[in-house]
Amino acid sequence: MTSDATTTEATAHADEGRFPAYEPAVLEPRWRGAWERAHVASSELPPAQDGTYVLEMLPYPSGRLHMGHVKNYTMGDVITHHRRRSGEVVLHPMGYDSFGLPAENAAIKTGGDPLTVTETNIRGIEEDFDHLGWSIDWTRKLATHRPDYYRWTQWLFLRFFEQGLAYRKDAPVNWCPTDQTVLANEQVVDGLCERCGSVVEKRALNQWYFRITDYAQQLLDDMEELEGQWPERVLTMQRNWIGRSEGATIGFHQRDLDATIEVFTTRPDTLHGATFFVLAPEHPLVGPLTRGTGNEQAVADYCDAAAKLSSIDRSNAEREKTGVFTGRTITNPANGEEIPVWVADYVLPDYGAGALMAVPAHDERDFAFAQAFDLPVRRSVQSVPGVEDELPYTAKDGVLVEGGHPIAEGARTIVEQVGGEFTVNYRLRDWLISRQRYWGCPIPVVHCDDCGVVPLPDDALPVLLPEVHDYQPKGQSPLAAAEDWVKVRCPQCSSWARRETDTMDTFVDSSWYFLRYCDPQNGHAPFDREVVDRWMPVDQYIGGVEHAVLHLLYARFFTKVLHDLDMVGFREPFANLFTQGMIYKDGAKMSKSKGNIVEPLPLVERYGADTLRTYVLFLGPPDQDAEWQDTGIGGTRRFLDRLWRYVHGVAALDGAGQTIIASPTVDELADDPNARALVAAAHAAIRRVSDDIGPRMQFNTAIAALMEATNTGTKALGERAEDATELVDRAHRFLAQTITSLVQPFAPHIASELWTVLGGEAVWSEPWPEFDEAFLVQDTVTLAVQVNGKLRGQIEVSADADEAEIVAAARADEKVAAALEGMQPVKQIVVPGRLVNLVVRPG
RNA sequence: GCGGGCGUGGCGGAAUUGGUAGACGCGCCGGAUUUAGGAUCCGGUGGGCACUGCCCGUGGAGGUUCAAGUCCUCUCGCCCGCACCA
């Protein structure tokens, strides 16, 4: 709207006063929450019945809801309404992922405290939720920053700790210099902090980890269950992330240290070609090995330089190979040869053994290194006996140079001969969960000088997050400043001890929230197994693909641990996953800095929530990214206007009756093609909308089908004869109520209103309309006629016409006849209900 | 480099099993209404032409088929994921 005489657009000239104008701003508040109340009751699960669980990823309360949320939650809402009305008992909860950096950073920026900022944001978001009319069971609402939730996050931490799945270790970690905290591997994207984009540094620190690597194989194996139910690319991303590779672990003996250094290799068959050996700069034996060689200084300098490299530079494969000779050799166990030991930063400390046997003839990196430092290259495998392949020859097939055995067999022999072992290696590392930040769940352990790390007993939970005055990240947790809070008696020996001051990664909070929804008020446990087993796993999970290796991997890991603890009866949390595409504006992600944000609430005020909900889904296929178009939303609003006029027009028909009616029967309609066309339009819409909302999840085409049906009805009503039959009016009424019923998941407010206009009560609890093929059966069908595959005409034939009749009719068509002029028939293809193709040749 | 996805009107997109390409919507054009503009409603709208009709048309080139946006081969372009992982 260019000017703003009105904030709400009402339907002008709708009716010359015969029925009220469509004014969403008036109508929507009236209906808001009506179905919500009804659905809280129905989400109580009847005994022994399996519930349906529809879940969308919960929002992070760092601001108001954006268009992405609108799309996400509307999709979930559409599915929820549809499944409820199809007879399922559906759980559809919502909450807030409210611990974490954004709220804390916002607090630091505005000078508020994280708790107040978070609670304020939640209130804002709740206004958004309220205005969009999603049917959510708010009695199950949770917020991960509230003690009644994080108490159980801590409780679960203690169970992990008991199992040895939560532990501390010294290790090189990812450090974000801006956020002043460590990060998990999953939160480092291309060497940058996932949150703020700073270049991540490596630091050696003592931190808390979850032993997700124990579950690497299960995480991989159970994906079989998700095949076809999760987007392929998410499964692929997780597979890549876990990075399983099969190979062998082989020990190399070093005589000066009299120590064996192990390496992992996927190519044990090439062992004879190992002409040198490389340690990561961080390898613990680098120091001892170098001592007394005269190379100490050069090696130490090299290691220092490597430590200063950012992870982007370090992992850049384009970089020239660098390295330094240690001055020592090591014995190749395959042939007893002494080969030089180098240190190079292309060997990563935390993959495999942090050391490798270099086979330049059959590995590109080793080859490049050998070239750079003039090291020997020896062929140990060839594609065909006697052939000198171009080096490096990296294909995993061929035969050994020595003996000519196929490489698979050669690998077995060699591994056995050198006392190695076939092993599996994973790229996945343990999940670093401690953060040196204030706004997170406190880790429920104490550090005692005598007893070490001591977990708190369950009855000491929750460990409340203390109030502090300074949230600034300073490289150690702001909690350390709360001295009274830190000082505590050791639960074991009662001497003075210190609380753990790091907090947990927010992804810990969101790794089990879907379980808490099932049993949100439980005061004795995070959830009751029996209750959770009835709802879980989530039947339909919806969210952004950005969580493919973060939240979605962590939640799977948690579920497996809980399964092994007998706390849940399933191993996968999300039976079906849908990842929705993002909404862009002007070709870019909406963001404050670009100033291209389209806020939902002003659009709700101007067009109505129903229009906005419908439009975000009409924009395109839900799994694809879509470009927000300001001009487009008006078209969706016009559709609802048209529907409004059509339904009111139908309600005013005398012959239509004043209540919700049953469909006219097929027999009744037999002699009234006008009425029949309307009922057929209704059933065509039922078929498409049901299919599109259900199995296909193509909401844009469902909406198109509803527009089509509305256009059909509107047109027919406009052309309705003065003396139209009572049957035609009943057909109109059936079509109007069918569209109203089908549009309800998308536009629940207007649907609820129109349903009452048609004499009904609560459309949200009406059974979902049933499709009946019988109404689509026609007496005559229109067939396309092709001659040699080219469209030449159309014919109308009786639906039960046989091939001969069809062909005769086709030949009779003027244009077809012209095309057949002087041609010899070759063959004819008749596709029932579709087309007839006459194949001819000149003659 | 490896893996996955996608290329269809001016735009977003539709075509579910190989069967009338362009549903639905935006935009645009015309009409009605209006003092005018906007809004609203109705109609038209892939391109070309010797325009009652014909030809071309789903990134490009081939192929299979009675029939290809859809299947196959090659190729170009874009997007996403992974990548010094031994």
Side-chain angles (χ1 to χ4, degrees), chain A residues 1-3 5-6 9 11-14 231-241 243 245 247 263-267 270 278 314-319 321 344-348 350-359 362-366 368-369 425-427 545 548-549 615 618-621 623-636 638-639 641-642 645 688 691-692 695-696 698 700-708 710-711 714-715 718 782-794 815 818 826-840:
Chain A
M1 206 184 303
T2 45
S3 74
T6 53
E9 291 183 4
T11 308
H13 316 295
E232 192 51 48
R233 65 175 172 151
V234 174
L235 295 176
T236 304
M237 282 165 78
Q238 292 211 357
R239 265 188 211 105
N240 287 340
W241 191 260
S245 58
V263 297
F264 173 76
T265 177
T266 53
R267 296 296 305 276
T270 64
V278 194
R314 175 84 181 253
S315 64
N316 179 5
E318 313 287 283
R319 229 172 90 234
K321 291 279 178 290
D345 63 12
Y346 81 93
V347 180
L348 305 174
D350 45 6
Y351 183 78
L356 58 81
M357 59 179 230
V359 185
H362 307 295
D363 181 280
E364 274 179 39
R365 295 149 304 176
D366 298 343
F369 195 84
N425 199 46
Y426 300 92
R427 212 180 67 109
V545 74
V549 286
Y615 183 57
F618 185 60
L619 221 43
D623 56 333
Q624 275 173 36
D625 292 343
E627 172 83 17
W628 178 268
Q629 309 211 351
D630 289 319
T631 52
I633 191 169
T636 303
R638 280 190 285 279
F639 156 58
D641 284 337
R642 221 176 304 133
R645 285 195 301 273
R688 244 182 103 189
D691 204 30
D692 286 351
R696 267 176 35 104
Q698 283 270 325
N700 53 328
T701 49
I703 295 162
L706 289 165
M707 290 173 168
E708 227 174 322
T710 305
N711 292 345
T714 300
K715 197 154 187 264
T782 304
L783 298 183
V785 183
Q786 297 178 339
V787 177
N788 286 343
K790 292 203 172 190
L791 186 65
R792 291 300 171 197
Q794 286 198 341
K815 291 174 211 157
V826 176
K827 68 164 148 175
Q828 59 204 30
I829 285 107
V830 176
V831 184
R834 290 265 174 197
L835 55 71
V836 40
N837 188 10
L838 303 171
V839 184
V840 295

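Keep in mind that this is a model prediction, so the values were computed, not measured.
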Can you check the distance between [N] and [M], where both ends of the measurement are the [atom1] atom (answer in whole Å)?
N	M	atom1	result
rC26(B)	rC41(B)	P	10 Å
rG27(B)	rU34(B)	C1'	23 Å
rU58(B)	rG69(B)	P	7 Å
rA39(B)	rU45(B)	P	23 Å
rC51(B)	rG47(B)	C1'	14 Å
rG13(B)	rG63(B)	P	32 Å
rA21(B)	rA67(B)	P	14 Å
rA83(B)	rU73(B)	P	29 Å

Residue-phosphate contact under 4.0 Å: [X] side-chain N/O, [N] OP1/OP2:
X	N	result
R792(A)	rC55(B)	yes
N700(A)	rA23(B)	no
T701(A)	rG13(B)	no
R645(A)	rU40(B)	no
Q698(A)	rA14(B)	yes
K790(A)	rA68(B)	no
R427(A)	rA83(B)	yes
R688(A)	rA15(B)	no

Interatomic distance, [X] atom [atom1] to [Y] atom [atom2] [nearest 0.5 angstrom]:
X	Y	atom1	atom2	result
Q786(A)	N788(A)	CD	CG	9.5 Å
F264(A)	N425(A)	CZ	CG	4.5 Å
L835(A)	T782(A)	CG	OG1	12.5 Å
D692(A)	N700(A)	CG	CG	8.0 Å
F639(A)	Y615(A)	CZ	OH	14.5 Å
T701(A)	D691(A)	OG1	CG	8.5 Å

>> Using heavy-atom distances to pick each residue's nearest nucleotide on RNA chain B, tell me which of R267(A) and I829(A) is more 5'.
In response: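 Taking each residue's closest nucleotide, the earlier one in sequence belongs to I829(A).
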>> Heavy-atom nearest nucleotide on RNA chain B for N425(A) versus N788(A): which residue maps closer to 5'?
In response: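 The answer here is N788(A).
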Provide, to the nearest angstrom, the distance between the [atom1] atom belonging to [X] and the [atom2] atom belonging to [N].
X	N	atom1	atom2	value
R642(A)	rC41(B)	CZ	C1'	10 Å
Q794(A)	rU20(B)	CD	C1'	7 Å
F618(A)	rC11(B)	CZ	P	17 Å
D363(A)	rA83(B)	CG	C1'	13 Å
L835(A)	rG19(B)	CG	C1'	4 Å
Y351(A)	rC82(B)	OH	P	16 Å
Q786(A)	rG18(B)	CD	P	17 Å
F639(A)	rC24(B)	CZ	P	13 Å

> What's the base orientation of rC51(B): syn (chi within 90° of 0) or anti?
Replying inline: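 Syn, since the glycosidic angle lies within 90° of 0.
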> How would you label the glycosidic angle of rG27(B): syn (within 90° of 0) or anti?
Replying inline: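 Chi for rG27(B) falls in the anti range.
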For [X], does the [atom1] atom have more than 12 heavy-atom neighbours from other residues, nucleotides or ligands under 6.0 Å away?
X	atom1	result
R319(A)	CZ	yes
R233(A)	CZ	no
E364(A)	CD	no

>> Taking donor-acceptor contacts at under 3.5 Å, does the side chain of N240(A) reach the base of rC82(B)?
In response: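 When only heavy-atom distances are counted, N240(A) does not reach the base of rC82(B) through any donor-acceptor pair under 3.5 Å.
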> Of all the nucleotides listed (rC84(B), rU16(B), rU20(B)), which has the minimum atom distance to the side chain of R834(A)?
Replying inline: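 Output: rU20(B).
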Using a cut-off of under 3.5 Å, enumerate the N/O to N/O pairs linking the protein to nucleotides 1-9 of chain B.
none

>> Let me check I have this right: for RNA chain B, each base becomes ., (, ), [, ] or |, based on Watson-Crick or G-U pairs with both distances under 3.5 Å. What is the full string?
In response: (((((((..(((......[....)))((((((.......))))))((((...))))..(((((..]....))))))))))))....
> Should the pair F369(A) and Y346(A) be assigned to parallel (<30°), tilted (30 to 60°) or perpendicular (>60°) ring geometry?
Replying inline: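 It falls in the tilted class, 30° to 60°.
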